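Below is one structure, written out as C-alpha cells; comments come after it.
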Amino acid sequence: MTSIIIISILPIVLLYLGLYKAQKALLPVAVLGLLAALVTSVLQWTILDEAQPIYNGMLLYNNFSVAFSVISIISTILILLLSKGYFEKISNHIAEYYAIILFSLAGIIVMVSYHNLTMMFIGIEIMSVSLYILAGIRKNDFASNEAALKYFLMGAFSTGFLLFGIALIYGATGTFDIDGIRDWLLNSPRKIDPLFYTGVMLIIVGLCFKVGAAPFHFWTPDVYEGAPSLITLFMSTVVKVAGFAAFLRLFSACFLPIAQFWTPVLLVITIITLFVGNITALYQQSFKRMMAFSSISHAGYLMFAIVAIGAASANAIFMYATAYSIASIIAFGGLILVRQQTGTDGFEGFNGLANKNPFLALVLTVAMLSLAGIPLTAGFIGKFYMFSGALSQYRIWLVIVAVVNAIISIFYYFRVIVAMYFRNADREQVEVPAYYKFVLGFSALATILVGVYPTVISGLIK
Amino acid sequence: MELIDLLIKIALIVVIFAISLVVAMYSTYAERKIAAFFQDRVGPNRAGPWGILQPLADGGKMFLKEEIIPTNATGFLFIVGPSLAILTACIGSAVIPWGQNLEIGGRVIPLQVTDINVGILYIFGVVSLGVYGIMIGGWASNNKYSLLGAIRAASQNISYEISMGLSIIALLMVTGTLSLGEIAKQQHGFWADGYFSWNVFKQPLGFLLFIVCAFAETNRSPFDLPECETELVGGYHTEYSSMKLGFYLFAEYINMFISSAVMATLYFGGYNFPFMDLIHSPNLVAILGVVALFAKIFLFIFFFMWVRWTIPRFRYDQLMDLGWKTLIPLAIANIVLTGIFMTIFK
Amino acid sequence: MTVSILLFLPVVAAVLTLFFKNEVAKHAALFFALVELGLAISFVTGFVPNASIQYLVDLPWIPQFGIYFSAGIDGISMVMVLLTTVLVPLIILSTYEHQYKNGKALYALILFMQAGLLTVFTALDGFLFYVGWEAALIPIYFICALWGGENRIRVNIKFFIYTFAGSLFMLVAIIYLYLQTPSKLYDIHSFYELSLSLKQQNWIFWGFFIAFAIKMPIFPFHTWQPDTYTEAPTAGTMMLSGIMLKMGIYGVIRWLIPNAPNAFAYWGYYALILSVIGIVYGSVIAFRQKDGKRLVAYSSIAHVGLIAAGIFAWSVQGVQGAMIQMISHGINVVGMFFIWDIISRRLGTRDISLMGGIAKVAPKFSIAFLIIVLGTVALPLTNGFVGEFLLLKGVYNYTIVFAAVAGLTIIFGAVYMLRMYKNVMQGELNELTATFTDIKGSERLVLGIICALIIIIGVYPQPLLHLSEASVTNLIQTVSAKFTATKF
Amino acid sequence: MEAQSLPVNYLPIIFQMLVAMGFVVTTMFVTHKIGPKRQTKDKLTPFESGIEVVGNARTPASIKYFLVAILFVLFDVEVIFMYPWAVNFRDMGKTGMIEMFIFMATLLAGFIYVIKKKALDWD
Amino acid sequence: MESLTSTIQAVPLNHYIFLSAIIFSIGVMGVLLRRNAIVIFMSVELMLNSVNLLLTAFSVYRGDAAGQVFVFFIMALAAAEVAVGLAIIVMIYRNTNSIDINVLNRLKW
C-alpha cells in the first residue's frame, strides 16, 4: 500500500524540484522513487494470496494488484529512462512531464487494486485526466492539440457512460463494494432487475472506450498519432494494461455470476476489435499509426481473457500485457531514435537500419516477433495463454478468428523487419544513447527470457 | 402549511423585500451624505429637508430616462444582465434571521423567511450567481470597457470567493451547523458561561478575512476595480442607461445590505444583544432584537462607506495578490489553528 | 546422456559463432556441426533398436500448464536426428566457396535452425514440438530473406505467412488436445491415450494437416515452395528441402495420425489422393522447367508426394519406405541443389537450354552429377531405390490404381532428370559452358560425401531400416488398433 | 443530528424569487414604456470615449484570467469537500482532523506550487 | 411529510431514473450532434450531472450515504475535467481561432 503513497508524493516532490531548477535531479529522483515503490509493492506479495481489503474495503492489494503494479511501475521506469533528453526538445516544463506521468501512474495503481467502484472510478479518472494533459503537451503542435481535445472529449464522454452504469448498479444493489455486489448477485438471482443489466452494459461501453476496443476505438489512432511518441507509448502500454486489469477485476470478481449475459456482448466486441485493428493496421504507411491500430487489435486479444473468464484469466492478461508492454517499449524507443534521424514516422524510415545499427535492428526484430506472437518470445506466451483460455471454454470459432488475425498481423509487423534488413537506403548510423541501449537491451532480454521460460513471472498470480 | 401561515410568510417576504429596497435607496443617500461629511461639504440638500427625498428623485429620474441598447450588443443578454444582478441581490435575504419568534395571539411567527439547514451554502450560491449578472451584462454590451470590467469582476469575485469559503469553514467548525437560524441562536446574549458568546470573539481572524472578502464580493471600494471610472469609464455598466443602470447600482447597495446582515448574523450575534435575558417579554425581546440587528447592519453599512471614502483603490495585481497570496493562506492557517485549538481545549 | 545436450549444443554454438569474425565463423560453425554429428553418432551407437524412447529428458517448464521440457529418441526420431546432423555439416561445407556478406549471421542462423529441427524431431511434449517448429521457421525466413535473390521480400513473406498460418492452426489443435487430457498435460502419450469423438478428431486432424501439408508441401498447399526455393540462397534451399520439409512428414507420422486416428481413417484416402496429385503435378511442371533450380524444386514436390502417399497408406512398408526415403531425398536434393549452385556460380545462369557439354571440361563434376541424378531417379543400388520401392509397395497394398499412377510418375521423373543431365552435361560445348572449371576443394569433398552416401545407403540400407523398424511397427499397431471407422 | 430541512422549507425562497422577479419585470416593462425613445446612430454605437470605434470588443483576454478561472474551479471544489468535515468536526475528533490536515497539506502543496510557478503574478 | 427522505420517496424511483436517463440522453445527443467543443463539453457535464441526480436519488431511497459521497467525487472530477478541458480548448483556440471540432481534421479519423 505504501507504493501508492510513494507514487502520489513523488510527483509533488518532482514538481518542487522543477521549481527550484534541479532539472538534473528529476530523472534520478523519479526512478529511485519508483524503485522504492516497486520494492514496497513486491513486499506485499504473499504466497497464499491472503490479502484483505483495507481502508474500509476501498482497496484490496492482493497478488493480482502486486503483479500489475509491478509491471506498470517497471514499464514506467523504462519509459522514463527513454525520456532522457526527449522532453527538453518538446517543452521547457520538464518537471511537469514527469510529475503528470507519475500522477497517472498513481491512478493506475489504484485501478489495479480497487475493491470498490468508487476507487475504480477515481483511479480511472486520475489516470485519464493526467493523460489528457500529456496528450496535448506539445502546445504549438496542431496534431498534439487535436489529440488532446479528442482524447479529452471522448474520455469525458466515456466517463459519463461508466458513471451511469455505476449509478444503475448502485441503484440495483445498494452498494459500491465489489464483494457486496457479487453477494447481491448470488443471493438474489431471481430478482435481478433490468437496472442491473443496463448498468453492466453501460459499464462495458465505458470501459471499452477507455481501453480502446472497437467499435469504441475511433479516438485511439488519432490520439496515439498526435501525442508525442513517448506519451503514446505510455498510453498504449501501461494505461492499456491497467485498463484491462481494472476491467478484469470488475468482471471476474463482481459480474462473474451473470457471465452468460455479458460474454456474448464482449465476444462480438472482441471479434470486431480484432478485425478492425488488424485490417486497418495493414493499410498504414506510418509506423506510429500502425502501432496505434495494432494496439487496438491487441486490445482484442486481451479481451479474450475476459470473454473466456476463468481462474486463469488474470494470469493470461498479465502475461499478455507484460509481453505487449515490453515489446511496445522497444518499438517506440526504436521509433523515437529513427525519427530523430529521419524525421519521419513512416516505415521507410527504417530502411537499411540493420546495416548501420545491427543492435537496434536486432532488438526491434525481437519486439516485432514478440508482437506478432512468434514462439520463444514473450508475445507468443501471451497469445498461448489467451488461446488456451478461450479454448478451455470451447470458443473454437473465436480462436480461429484470432488465428486469422494473428496471420494478418504478420504482414505489418514484418514490414518493419523487411525494411530494416532487406531494403537498402543511404543512411547514417543512428546514435543510440546509453540509456536507450539499456532500456532496449533490457526489454529485448526480458522478452526472450519470458518467451523461453515464462514460469519466471507466470507464478505471480495464481 | 395552513393558509394563514402562508399569508404571513408572504407578508414577511414583501416586508423584507420592501425594507431591502428602502435601505438600499437610503444607502445611496447616506453614501453621498457621508462622502460630503468626509470631504467637508454639504452633500445633497435640495430635495426635501436635508435632501432627504433625493433617493426618490434619483429613482424617478432613472425610471424616466431613455433606454438605450447599442446596436452591437447582444439584445437579450443585455437585458438579462442587470435583471439577474438585482434578482440575486434580492433573494439573498430569505435565510437571514431577522429576529426571534414573535408570538401574536398564540401563533408563533418566525422573523425569518425560512430556516433551511444549508443557509450558508444558499447565501454562497446566491452570491456566486451575482457575478453572472455583471459578467453577462458586460459581455453583452460589446464594449471594450465593459468586457474588461466584466472579466475583472468575474476574476475578482471568484478569487475572493475561495477565501470567503475558507474563512467560513473555521466558523463552521465552531458552530457545527450551516443553518443561520441556529448560528444566531448559539450566540445568545453577549456573555455566557464565562465567554463572549458572539462568534467574532471566537473567530477574530475569520471575521477579518470575511469582511475583506465581503468588500471584494460586493465590488465595493477599495475593490471596485470592475467599475473603476479612472480606467474603465463605467466598467461593466458603461453602456447602460435608465432603470437597467439603476438595477446595477441598486444591486450593489442591496448586496451591501445583505452582506452586512450576514456578517452581523454570523459574527456579531445577529439579533442578540447584551443583557437580553433581563427582559422577560419574548415579543419585546424579538422586537428589540430586530432593532439590534438593524443597528449592527447600519454600523456595517457605515463602515463600508467609511472605508470607501478613506482607503484608495487597489491596483489589479495588488487585488489579486491580496486575494490569493494573503487571504487564502491566512484562511487556511485560521482553519488549522481553530482545529488544533478546538482539539486541545475540547 | 540425454537428448537435451543435442538440443542445446546448436543454440550455444549459434551464439558463439556470432562472436567470430566472418571468415573464421564458417570453420567454427562446421566444427560445431561436426561435434553435433559426433554426438548423434554416439547416440546411434548406444541406441537399442526397439520401440522404446531413449535418452529421455523431462524437466518442468511451465508446470502449471502441464508443459514439460520433455524429449527423447525412438527409432523414428533417431533417423531424423541422423538426417539433420549429417546434412547440416554438409550444407555448411557447401557454402565454403561463397563469400556471404555478414556470413557469421548465416551460420548462426543455420545452427539455430538445427536446434529447432532437432527439437521438432525429438519433442515428446506438444508445446515443445510447436516451439521447435516455429524456432526452425524464423531462422530460415531470415536466411532466405537476407541472402536471397531479387524477389526475396515478396516471396519470403508469402512463405512465412503460409507456414505460420499452418502452424497456428496446429497450435490450436495442440491446445485443444491438451484441454481434453484428464491430467492436463501436453505430453504426447497422454494425447495418444485420448479417445475423442470423430467430430473432435476432425478438428484436430485439419488443424495438424494444414500445418504439415503446407510444410511438406502437399498439393494444393505448395504454391510457396518453388518461388522460395528459387529465391533462397543455396544453403537456405538445402535446409528447406533437405531437412525442413521432413518436419511435415515427421509430424504426420508422429502427431497427426496417432492423435486423430479415426479422422485419419476417414480423411486419409483424400490425403492420399492429394499426395498422388502432387506427384503428377510436380512431375509435369518439372518437365517444363528451364531453370534447373526450379526443376529440382518441382521434382521435390513429386518426391515428397510419394513419401506422403506412402505414409497415408499407413503400412509398415509405406512408413519404413518413407523413413528411408526421407534420408535419401534429403541427401539427393542437397546434392542436386549443390550441383546447381556450382553451375550457377560458374556460369551465372541456371537456364538449362543455354548449357551443354560440361562433362567434357569437368569430368569429376559430371560423375558426381550422374550419381546424384541416378540416386534421384531411384536406380537400383542407389539410395532412392530402396525408399521408392518400399513406398510404392505400401501404396500398392492400399490401392493399386494409385500405385500405378505413382509408379508411372517415377518413370516419368527419370525422363526429366535424365533429360536435364543430358542437356547440361552432354552435347556440344558452347561459349558459355567452355569456361566451366571442374570441382575442387570443398566442392569435391561435399559431392564426394554425398555420392558415397548415395551408394552406401543404396547398397546396404539395412542398418537404417533396422533403426526405425521396431518403432514404426509399434506405432502402426497402436494406431491401427484404434481405427473404428472403416477404410475406403 | 440537526433538524432536516423539508422541501416545504424551500417554498418561501421560491415565493421570494417570484416577488423579486415580479419587481424586476414590472420595473423593466414600465421604464421601457414610459421612457422617451429618440435613438440616433451615435447613441447606439459602443462608447469609446468619444473616438471612432475600433474593431470588435470580443477579443481574447489575457491568459491569466483563464488561469484564475481554472484555479478557482479547482480550489472551490476542494473547499466544498471541507464543508461536511467542518460541520461534523466535533464528532470526528483527532482522526478526522489529521485526515483533513493531510488533505489540506496536499492542497497547500499545489497552492504553493501555483504561486511559485508565478501563475498568479500579474505583470 | 416527516422527513426529506420520505418526501423524496413519495416520488416513485422510476421517475428519477427516467429523468436521469432523459438528461443523460440529451447529453449524449449533444456530444454526438454538436460541433462546438464547448457545447460538447457542456453536454458531457450534463451527462455527469444526470448521474449525480441518479446517485442522489438512489442514495436517499436506500438511506445509504455512499451514493452521495460518490457524488462528491464526481463533482471533484468534473472540476478537474473543467480545468483540464478548458485549458485544452483555450490552447486550441489560440492556435486556430476556432473551437469547431470540424477544424480538427489534421489527423484523419
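Please read these numbers as outputs of a predicted model, since none were measured by experiment. Below, chain A is the first sequence line, B the second, and so on; all start at residue 1.
With a 4.5 angstrom heavy-atom cutoff, F63(B) touches chain D via backbone and side-chain atoms both. Of the atoms belonging to L172(B), heavy atoms from both backbone and side chain fall under 4.5 Å from chain D. Interface remark: L12(B) contributes no atoms to any contact with chain D (heavy atom separation under 4.5 Å). The contact between F89(D) and chain B is made entirely by side chain atoms (from C-beta outward), counting heavy-atom distances below 4.5 Å. If you measure heavy-atom distances from L71(D) to chain B, the contacts under 4.5 Å come from both the backbone and the side chain.
The greatest number of non-hydrogen atom pairs below 4.5 Å with chain D, out of G246(B), G339(B), P82(B), is found for G339(B). The most heavy-atom pairs under 4.5 Å with chain D, out of D321(B), L21(B), T175(B), I120(B), come from L21(B). Per-residue heavy-atom pair counts under 4.5 Å with chain D were compared for I340(B), I10(B), V95(B), and the maximum is reached by I340(B). Between chain D and the residues T88(B), V174(B), T338(B), L171(B), the most heavy-atom pairs under 4.5 angstrom are made by V174(B). Considering only heavy-atom pairs separated by less than 4.5 Å from chain B, the leading option among M28(D), M17(D), M21(D) is M28(D).
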Legend entry - Full working for side-chain hydrogen bond (donor to acceptor under 3.5 Å, both in side chains) between S128(B) and E161(B): CA-CA 8 Å; S128(B) 312; E161(B) 208 168 296; 2.8 Å; yes
Inset, instruction - Go through the steps to decide whether L209(B) and S163(B) satisfy the test side chain to side chain contact (heavy atoms under 4.5 Å, CB included), and finish with yes or no. - result: CA-CA 7 Å; L209(B) 295 168; S163(B) 0; 5.9 Å; no
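Note that CG of L107(D) and CE of M100(D) are 10.0 Å apart. Values are rounded to the nearest 0.5 Å. Within the model, atoms CG of N334(B) and CG of L327(B) stand 11.5 Å from one another, a figure rounded to the nearest 0.5 Å.
Under the 30°/60° scheme for interplanar angles, the aromatic rings of F78(B) and Y240(B) are found to lie parallel.
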Would you tabulate the side-chain donor-acceptor contacts of residues 75-87 of chain D under 3.5 Å, counting partners in other chains and residues two or more places apart, or write 'none'?
residue	atom	partner	partner atom	Å
W85(D)	NE1	G96(D)	O	3.3

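Summarising the local packing, NZ of K61(B) is surrounded by 12 or fewer heavy atoms from other residues, nucleotides or ligands at distances under 6.0 Å.
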